[in-house]
Every structure is written in C-alpha cells, then in structure tokens.
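Counting starts at 1 for both ligands and their atoms, following the listed order.
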Amino acid sequence: MEGLRIPGPTPCPAEVLQAMAWQMINHRGPEFGQIIQDVTAKLKRLFQTKGDVFLLTCSGTGGLEAVIVNMLSPGDKVLSVSIGFFGERFTTIAEQFGAEVIPLHYEWGRVADTDDIRRALQSEPKIKAVLITHNETSTGVTNDLASISSVVKEFDKLLLVDAISSLGSIDLPVDEWHCDVTVTASQKGWMVPPGMAMVSVSPEAWQAHAKAKMPRYNWDFTKAKNYLEIGQTPWTPAVSIVFALSVALEMMLKEGLPNIIARHARVGKAARDGVKSLGLSLFAAENCASNTVTAVATKDGLDTKKLLTIMREEHQIVLAGGQQSLAGKIFRIGHLGWVTEDDIETIMSALRVALPKAGMLLGREK
Ligand SMILES: *Cc1c(COP(=O)(O)O)cnc(C)c1O
C-alpha cells in the first residue's frame with residue numbers, strides 16, 4: 001500500500017519488491033559474494049565512511065544490541081543521552097548487558113543540549129562512551145549530531161549512534177562527524193522491507209571492540225569482518241533483503257545522496273507547513289524538527305485514534321500514533337525513503353477532510 005506513511009516500514013518501489021521474488025542462491029557461493037561486496041561498497045558511500053560496514057540479519061534493535069555487546073564490558077560507564085522512546089530503548093539495552101549507565105534524559109519533544117553533555121563528561125571522567133539517537137522517531141526531533149560529536153570528541157569518548165531513521169535520508173557524514181558505530185535498518189529510509197540492520201565501525205571502535213568483554217556471539221563484529229572478507233556473513237543472512245537492498249541502493253546512488261537529502265528536507269518542510277496550514281501545531285520545535293517524521297500535537301477535541309481510523313478506512317493512508325506516554329497526545333507522519341512532496345500534498349488533502357470528522361473544531365467555530 002503506497003498510502004503507508006508510518007516511520008517504518010516504508011513503501012518500497014516495484015523494482016525493490018520484484019527483487020524480493022528472486023530465486024534463492026547459495027549464500028556461500030560466488031554470486032552472493034559478489035552481491036554482498038557490491039552492497040557493502042554502496043552502503044559505505046551512503047554512510048560517507050571509509051570504515052567497515054556490516055549487514056546484520058535483524059531489525060534495528062538487534063543493531064543497537066550489537067553496538068553495546070561489541071563495544072563495552074560489564075561495568076563500563078556510559079553516558080546515555082535520550083530524547084524519547086528509542087533513546088530509552090538504547091539505554092535499557094546497555095543496562096541489561098551490565099553497563100553502568102549515566103542517564104541524561106530529556107523531556108520527550110526536546111532536543112539534547114551540548115552544554116549538558118559537556119558538563120556530564122566533565123563531572124565523570126571514567127565515562128567510556130556516549131549513546132545518542134540521531135533522529136528520535138517517537139517525537140520527530142533530530143539532534144544536532146555534528147555539535148554533539150565535537151563535544152564527545154573533545155573528551156575522546158566513543159560515539160555510538162542510533163541513526164536508524166536518519167541514515168540515508170538526513171545528512172550524516174559518519175567519518176566527518178567521528179561516529180564510531182552507527183546503526184540503521186532496512187525498513188526506514190532505504191525503501192527495503194524489514195529484516196536487516198546495517199552498522200558502520202570506525203578504527204577507534206575496533207580498538208574498543210578488541211578490549212570489550214560483554215558476551216556476544218550472533219552479533220560479533222570480528223566474525224562479521226572475517227566472513228565479509230570471503231564474501232559471506234557468519235550465519236545465513238536474509239538473502240531476499242540483500243537482493244532488495246542491492247536494487248534500492250542502485251536507485252539511491254542514481255538519485256545521488258545530496259539530492260536524496262535535499263528531497264527529504266523539502267518533504268519535511270512541506271509536511272510541517274501543511275500541518276500548520278491545517279491549524280494544527282507541531283509537537284517539536286521547528287529548529288530541531290525531523291525531516292523524516294513529523295509529530296503533530298493533538299488539539300482539544302481531536303481524537304487521534306479516530307483520526308487514524310478515518311485516514312486508513314476512508315483515505316487509504318496509514319499514519320502512526322504516539323508511543324507510550326505520547327499515545328493520544330500526538331500522531332506522526334512518516335516521510336522517509338520513497339516519498340515526494342506530492343505524497344505530502346495527498347496526506348494534507350485527506351487530513352483536511354478527516355480532521356473535522358475526528359472532532360477537530362475549525363478556528364471559526366471555536
Ligand atoms: C525504528 C527505530 C528503532 C527500532 O528499530 P526496529 O527495526 O523496530 O527494531 C530504533 N531507533 C529508532 C530511532 C528507530 O526509528
């Protein structure tokens with residue numbers, strides 16, 4: 001359904017879906033070896049990195065777990081900067097594996113502050129790594145990762161980034177911003193079905209990895225590296241997702257990364273302008289609003305659950321609600337991957353009809 005406008009899974013172009021129907025091949029044979037080397041080389045261009053990139057068969061959360069178990073030892077102090085639902089998930093994973101987490105958590109909807117991060121790093125010199133969400137999908141907020149990175153690197157700490165809903169859509173030059181491990185997932189901006197996480201690993205991350213003692217097996221970066229050298233993955237990968245990814249990456253490189261980033265910036269602005277023109281308010285401050293997902297604050301009288309039902313049943317457009325404490329308080333429009341300004345126009349036209357039916361009073365009637 002092309003009316004799927006949630007922040008992942010996202011719609012896939014027909015060519016990508018057709019690749020999902022290709023016959024299986026030997027994942028330890030030369031043909032697959034060629035594809036995985038090609039896919040990895042293309043991913044490096046889109047990650048803007050000369051470091052390593054690996055494909056892990058899992059959703060984004062598996063990638064986040066991979067970061068923790070490959071980089072840390074039990075008892076390691078980490079500063080976990082969270083601005084929403086996914087920041088808290090990253091925090092929880094670190095805690096579950098025995099890291100000593102120092103939380104720097106913000107009210108949902110806010111952006112992380114570099115001065116707070118500097119103060120936290122100053123007051124605890126033993127911190128080994130900083131966990132950060134680049135784009136917080138639950139609130140529609142993008143952190144200023146370039147500035148955050150420069151603070152983290154002032155203190156020479158590892159920078160571990162959840163870029164699941166930003167990489168490939170919002171500019172994130174992994175090497176230039178010194179991201180040590182960066183995670184994304186196939187079903188977000190990559191126009192590919194769910195099933196694969198993609199992670200980059202910097203030279204500094206490899207040094208940390210060599211000393212990191214958390215138990216790991218499935219996610220071990222050393223195993224991933226050794227197998228990639230012979231054109232394989234350690235375990236059977238989601239072969240069809242790799243096929244789909246190979247087609248999607250070809251399309252992305254044809255469009256060009258700067259054009260993709262600019263398109264998302266235009267689409268993001270169109271979404272925000274559209275929301276405001278309907279008399280609704282943005283949940284996030286506009287200077288940190290995300291170009292891949294827009295969170296819309298609920299107005300008095302507006303029943304978001306009813307709105308999402310009307311949008312789905314009468315307009316064939318699927319939007320997302322709020323997560324956890326934001327349930328009923330916001331709804332979200334996903335606009336990442338295969339999306340244009342026309343798609344935003346379609347959503348806004350449908351919202352114009354659906355909003356009054358879902359209880360929103362128009363300005364004049366109030
Ligand atoms: C989607 C998302 C996740 C979780 O990914 P899954 O693929 O559902 O495991 C984590 N962080 C962010 C920022 C996301 O957008």
J.: Taking non-hydrogen atoms only, is Thr61 closer than 4.0 angstrom to ligand 1 via side chain, backbone, both or neither?
T.: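 It is both backbone and side chain that touch ligand 1.
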J.: Could you check whether Ser200 and Thr182, counting side-chain N and O atoms only, form a donor-acceptor pair closer than 3.5 Å?
T.: yes
J.: Can you name the atoms of ligand 1, numbered from 1 with element, that are less than 4.0 Å from a heavy atom of Asn135?
T.: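 Here the atoms of ligand 1 in question are 13 (C).
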J.: Is there a nitrogen or oxygen of Lys188 sitting under 3.5 Å from a nitrogen or oxygen of ligand 1?
T.: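 Such a contact does occur with ligand 1.
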J.: Does CD belonging to Glu154 count more than 12 external heavy atoms closer than 6.0 Å?
T.: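 Buried by this count: over 12 neighbours within 6.0 Å.
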J.: Can you report which non-hydrogen protein atom sits closest to atom 10 (C) of ligand 1, along with the distance?
T.: Phe86 CD2, 3.2 Å
J.: What orientation do Trp235 and Tyr227 show, parallel under 30°, tilted 30 to 60°, or perpendicular over 60°?
T.: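 The arrangement is tilted - the two ring planes meet at 30° to 60°.
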J.: With a 4.0 Å cut-off on heavy atoms, does Gln187 reach ligand 1?
T.: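 Within the 4.0 Å threshold, so yes.
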J.: Run the salt-bridge test on Glu255 and Arg263 with the 4.0 Å N-O cut-off and return the result as yes or no.
T.: yes
J.: Check each atom of ligand 1 against the heavy atoms of Ser59 and keep those under 4.0 Å away; list them by number with element.
T.: 6 (P), 7 (O), 9 (O)
J.: Of the protein's non-hydrogen atoms, which lies at the shortest distance from atom 4 (C) of ligand 1, and what is that distance?
T.: Arg89 NH1, 3.5 Å
J.: Tell me whether Glu204 is salt-bridged to Lys153, with the criterion being a basic N under 4.0 Å from an acidic carboxylate O.
T.: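 Salt bridge between Glu204 and Lys153, a charged N being under 4.0 Å from a carboxylate O: no.
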J.: Does ligand 1 have any atom that is closer than 4.0 Å to a heavy atom of Glu136?
T.: no
J.: Report the relative orientation of the aromatic rings in Trp206 and Phe54; use parallel for angles under 30°, tilted for 30 to 60°, perpendicular for over 60°.
T.: perpendicular
J.: Using the rule side chain to side chain contact (heavy atoms under 4.5 Å, CB included), only one of Val183, Ile93, Asp162 pairs with Thr61; which is it?
T.: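 Among the candidates, only Ile93 passes.
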J.: So how far is it from Arg312 CZ to Ile310 CD1, rounded to the nearest 0.5 Å?
T.: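 One gets 10.5 Å once the value is rounded to the nearest 0.5 Å.
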J.: Just distances here: any N/O of Gly60 and N/O of ligand 1 closer than 3.5 Å?
T.: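 Min N/O separation from ligand 1 is below 3.5 Å for Gly60.
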J.: Just to confirm my output: which protein heavy-atom neighbour is closest to atom 15 (O) of ligand 1, and how far is it?
T.: Thr137 OG1, 2.4 Å
J.: Run the numbers for me: atoms of ligand 1, each under 4.0 Å from some heavy atom of Ser165, listed by number.
T.: 13 (C), 15 (O)
J.: Only heavy atoms count here, so choose which of Leu336, Thr184, Thr292, Asp162 is nearest to atom 12 (C) of ligand 1.
T.: Asp162
